[in-house]
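Notes for the one structure printed next.
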There are 2 protein chains.
Amino acid sequence: MTPSARPTIRDIAREAGVSVATVSRVTHDDPRVVEPTKQRVQEAIDRLGYRPSAIGRALSLQRTSTLGIVLPGLGGPYFAQLIEGAETVAVERGVVINVVGTHLRPDAVDAVRQLAERTDGLIVAGGTLPDEEVVSLAKAGRVILVAGEAEGVPAIVTDGRAAASALTLHLIDHHGYRRLRFIGEPHGSPDTAWRYEGFRAALAERGIEEAGEPLRLGLDVRSGAVAARELHAHGELPEALVCANDELAIGMLATLPGLGYRIPADVAVTGFDDHALAEIASPRLTTVHQPIAELGARAAAGALGEPIDDLTTLPTELVVRESCGCAEEADPPT
Amino acid sequence: MTPSARPTIRDIAREAGVSVATVSRVTHDDPRVVEPTKQRVQEAIDRLGYRPSAIGRALSLQRTSTLGIVLPGLGGPYFAQLIEGAETVAVERGVVINVVGTHLRPDAVDAVRQLAERTDGLIVAGGTLPDEEVVSLAKAGRVILVAGEAEGVPAIVTDGRAAASALTLHLIDHHGYRRLRFIGEPHGSPDTAWRYEGFRAALAERGIEEAGEPLRLGLDVRSGAVAARELHAHGELPEALVCANDELAIGMLATLPGLGYRIPADVAVTGFDDHALAEIASPRLTTVHQPIAELGARAAAGALGEPIDDLTTLPTELVVRESCGCAEEADPPT
DNA sequence: CTAGGTCATGTAACCGGTTACATCAAGCAC
DNA sequence: GTGCTTGATGTAACCGGTTACATGACCTAG
């Protein structure tokens, strides 16, 4: 960013009648510079409006003070929370965060490589890049994988498999549902895949057959609405719909009543993530709470050099509300 | 990102027995290099796993092929769409996008200055930085302001004032409401401020007194729920609630029925932005559609050097659905 | 008075690329 | 054979910082 010829350290040195080393020292508050000199330099800096070039500095220091985050897209609260978590750590260390979304970039791999060049560390969300690319990035620099796995790359995850299984068992054992269906595309992301696995494992454990193939759709609200209409169009609904995330579930919550189904009386719906709307929606959504910000924070710390295990698993919590069929709890609306 | 000593262009030159200039030419597909030499160099590159350093290149070229976007936070679809719009333009030009959220950074100004160093252009959302900082950034580089205004900085906006006014007049003239209240903090962002202005202008035009101070809250779903409870607790509701954005409105839509109010029979609710949920929610939300992706795309083009007017105003569209009291249109749910 | 030490500052190499210009060999015309 | 052109490649300066080491002024102890 240099249209109007920014002054360089050498301009300041000339202006103040000192050497570049002295200017550099002043900008670093080096105590070796004597007061009058420091003042003269500071004046020159102010007069010319000098700000050291981050690129020059990065080249010299071999360090950028930047952390990169690679996400599929920026939509949705999941990623916003992840970033916020990382941000808390980054702020502490004077590091700035750069985010790229791969979702709609045909050249995602290139974009990420370019990002990797400019950062001291990288947080990569599972499902954004081919495994071998993650491995190769990790060979060249510090990379932490979030909600994903790749050979030899430290990863931070939640145990979505176990959580989905617990959720599904709640539906089976507590409510007695035996016709259940999973909504979401397991191949879309490792997170979804794990959730689907947990779902199937629970069914298998209770000797139940799946009510149908997973309904393969995106993870957004609109897909939830589409799913609802599709299920309706194809005839009878299962007893319970296990959605891959809350947004999908919220889309269903909003759409199913209009099609004549009562939730949870006619069909139970569950989500995943504990979205802000989950406890506001009606009925309130049964879901799984995940420490997403914590995930981001740990990943950031690791990416910035803190020692980290090969695999960190953070705990999840089943949040039982009403959409699964459980009675409304005592919870004062006002 | 250089833990495992990456090879530099000089390593390759030595390995291939040529000069750095030749290596540089090979990496640029310069036709002047003769085939056998090119091959020898390429082999050295592959053998050592060389990738040119983006920082070295940036320093030399005085260009980073990077576009920065400064947003308050990354939450919510508004910003996700803005980024997507920018991304389409960036992809075309082989530029990568870096996003920073200022929301929870006490050192936002520093973070943005650092970003500005590393980018060829900057898109700044209104309300993220003090005006004078935006002006000073614009002095040093190419800056486009989105949904904001600052002396001498090219801006792209939608006419939120006119849109809010049209929306409010619809509530007054078409539905006959005369007790209206605005939900949102006008000082929070220019966008909200303009919407509030439009709201007040409409009331003034019809000689109506405002039903109360704006209810000053954040722009998220949860705040909508809080607002609903607060209004309920303080006694009677106005006839119509004009929310600063859809998320706020969706929070109210989800909460008010539980408190015993029917929408729109007892109270009308409107939003702003045309969120994905707006047409799925029930009742379907009356709101204002904004070409957000277009906003992002234009801003990106401008920030990357395309000539741009001082002020570009993009059109909005009033989307009348049910939450304002209009009858359900013919719209087949399946 | 001098050797040695301390301190403020300067000099110049270095980080990893790009590129203007120099160099040198080969080909060609006379 | 000489001079000129053309083409492939090399040399070295430059981008904007940082910093190890050099320098030289001044102080102090012997």
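In what follows, every chain begins at residue 1, and chains take the letters A, B, ... in the order their sequences are listed.
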Looking only at side-chain N and O atoms, does [Y] offer a donor or acceptor that is under 3.5 Å from a partner on [X]?
| X | Y | value |
| --- | --- | --- |
| T27(B) | S24(B) | no |
| Q42(A) | D46(A) | yes |
| N98(B) | T66(B) | no |

Response to the item:
Numerically ordered, the residues 37-51 of chain A set in heavy-atom contact under 4.0 Å with DNA chain D is Y50(A), R51(A)

Worksheet entry | Donor-acceptor pair under 3.5 Å, R6(B) side chain vs dG16(C) base | no

Worksheet item: Would you say the side chain of S53(B) and the base of dG16(C) hold a donor-acceptor pair, judged only by whether the two atoms sit under 3.5 Å apart?
Response: no

Quick one: which of [options] gets closest to the side chain of [X]?
| X | options | answer |
| --- | --- | --- |
| R25(A) | dC15(C), dT18(C), dT9(C) | dT9(C) |
| T8(A) | dA20(C), dG17(D), dC15(C) | dG17(D) |
| A21(A) | dA20(D), dT9(D), dT18(C) | dA20(D) |

Fill in: Sugar-phosphate only, base, or nothing, as touched by V20(A) at under 4.0 Å among non-hydrogen atoms
base

Worksheet item: If you look at every strand shown and take non-hydrogen atoms under 4.0 Å, does L61(A) touch a base, only sugar-phosphate, or nothing?
Response: sugar-phosphate

Short side-chain N/O contact from [X] to OP1 or OP2 of [N], under 4.0 Å:
| X | N | value |
| --- | --- | --- |
| T22(B) | dG10(D) | yes |
| S24(A) | dT18(D) | yes |
| Q62(B) | dC14(D) | no |
| S19(A) | dT9(C) | no |
| R57(A) | dG16(D) | no |

Discussion item. Any non-hydrogen side-chain atom of L67(B) less than 4.5 Å from a side-chain atom of T119(B)?
Written reply: no

Worksheet item: Using rotation axes that map the C1' atoms of four end pairs onto the next four (five pairs an end), what angle separates the end axes of the helix from dC1(C)-dG30(D) to dC30(C)-dG1(D), to 10°?
Response: 70°

Worksheet, complete the sentence: Comparing R32(A) with R10(A), nearest DNA chain D nucleotide closer to 5' gives the residue R10(A)

Fill in: Residue whose nearest DNA chain D nucleotide is more 5′ - E35(B) or A54(A)
E35(B)

Worksheet item: Do side-chain atoms of D191(B) reach the backbone of A147(B) as a donor and acceptor pair under 3.5 angstrom?
Response: no

Discussion item. Between R93(A) and E306(A), does the salt bridge (charged side-chain N to carboxylate O under 4.0 Å, His left out) criterion hold? Intermediate values first, please.
Written reply: CA-CA 12 Å; R93(A) 319 203 176 189; E306(A) 219 154 86; 2.7 Å; yes

Worksheet item: Is the closest basic N to carboxylate O distance between E117(A) and R57(B) below 4.0 Å?
Response: no

Practice prompt. Please name the residue in the list V153(B), L122(B), V157(B), V70(B) that meets the side chain to side chain contact (heavy atoms under 4.5 Å, CB included) test with L145(B).
Written response: V153(B)

Worksheet entry | side chain to side chain contact (heavy atoms under 4.5 Å, CB included) partner of V23(B), the single match among V33(B), T8(B), I9(B) | I9(B)

